[in-house]
Amino acid sequence: GQQLNQSPQSMFIQEGEDVSMNCTSSSIFNTWLWYKQDPGEGPVLLIALYKAGELTSNGRLTAQFGITRKDSFLNISASIPSDVGIYFCAGTPTGANSKLTFGKGITLSVRP
Amino acid sequence: GAVVSQHPSWVICKSGTSVKIECRSLDFQATTMFWYRQFPKQSLMLMATSNEGSKATYEQGVEKDKFLINHASLTLSTLTVTSAHPEDSSFYICSARNPTGRGGTEAFFGQGTRLTVV
């Protein structure tokens, strides 16, 4: 089945640094979604992307839908301690009722 | 963004009893809701797709008689873990797709339910 690849599993950065996360797929996705999950909570939608090449920002977050439709990246600029959490990419191949496929997530740690 | 409310946020039950978890979309109507299970330090594992007014679609390996799903209205889906056992202890999360949102594919998640079976 379709899989989304996220690596590394963990990232450690210094407060104030920028960080970039990548998500790749072996097949084409029509939608890319980025979520953040805090411990004991459900994932929160950060950014949704719908067109190849689309670049969308949400505050200090920027995400892009890759031209090949097989990848997406999320950038966090000027990181702060509350950016700590697990970042999941997710995608859906077709239509409005397609199931979301999730990556395994990247755990981000921010050192003060 | 859209709001999905899940209740309870945590529950402890005795082995052999049943537990019901509710998932509500508060500001939109969701014809499709999804139920996930998440183990520590792992990604979300889709259990089933809940369709309003029809039977749920279960993923391979998920027992439909064990995990009963009801989607009686456009804003409510329930997951009942029947005859719970300690191995059913997990974090259960629902999500609902907002069909009127951009692309109709944005999925919003509930807060999750931590189930502990003792």
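Values below: all heavy atoms of this structure, side chains included; hydrogens, waters and symmetry mates excluded. Residue numbers start from 1 in every chain, and the chains themselves are labelled A, B, ... in the order their sequence lines are given, proteins ahead of strands. Please read these numbers as outputs of a predicted model, since none were measured by experiment.
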Quick check: is A/Ile47 connected to A/Met11 through a chain of hydrophobic side chains (ILVMFWY, heavy atoms under 4.5 Å apart)? yes
Side chain, backbone, both or neither: which part of A/Gln37 has an atom under 4.5 Å from a heavy atom of chain B? side chain
Heavy-atom closest contact (B/Leu46 atom, A/Lys99 atom, distance): CD2-CD, 3.2 Å
Any link between A/Met21 and A/Leu61 through a network of hydrophobic side chains (Ile, Leu, Val, Met, Phe, Trp, Tyr) touching at under 4.5 Å? yes
Would you give the length of the straight line joining atom CD of B/Gln38 to atom CZ of A/Phe88, rounded to the nearest 0.5 angstrom? 5.0 Å
With a 6.0 Å cut-off (strictly less than), is the heavy-atom count around NZ of B/Lys55, excluding the residue itself, greater than 12? no
Could you have a look at A/Gly103, A/Pro43, A/Gly42 and say which one has the most heavy-atom pairs with chain B under 4.5 angstrom? A/Pro43
B/Leu44 and A/Tyr35: CA distance, side-chain angles, deciding distance, side-chain contact (heavy atoms from CB on, under 4.5 Å) verdict: CA-CA 12 Å; B/Leu44 287 75; A/Tyr35 290 89; over 6 Å; no
Do you know which of B/Tyr36, B/Trp10, B/Phe91 has the most heavy-atom pairs with chain A at a distance under 4.5 angstrom? B/Phe91
Between B/Gln6 and chain A, which part of the residue has a heavy atom less than 4.5 Å away: side chain, backbone, both or neither? neither
Look at A/Leu45, A/Thr107, A/Ile86 and state which one has the largest set of heavy-atom pairs under 4.5 Å with chain B. A/Leu45
With chain B, which of A/Gly105, A/Ala90, A/Gly40 has the greatest number of heavy-atom pairs at distances under 4.5 Å? A/Gly40
Can B/Phe67 be reached from B/Phe34 by stepping across I, L, V, M, F, W or Y side chains whose heavy atoms are under 4.5 Å apart? no
Above 12 or not: heavy atoms from other molecules or residues under 6.0 Å from CD of A/Gln9? no
Please tell me whether B/Ile21 and B/Met33 are part of a single hydrophobic cluster in this structure, the criterion being side-chain heavy atoms less than 4.5 Å apart. no
Can you say whether B/Gln42 sits under 4.5 Å from chain A via the side chain, the backbone, both, or neither, judging by heavy atoms? backbone
Please say yes or no: joined through hydrophobic side-chain contacts below 4.5 Å, possibly via intermediate residues, are B/Val81 and B/Val62 part of one cluster? yes
Scored by heavy-atom pairs under 4.5 Å with chain A, the best of B/Glu59, B/Arg114, B/Met45 is B/Glu59
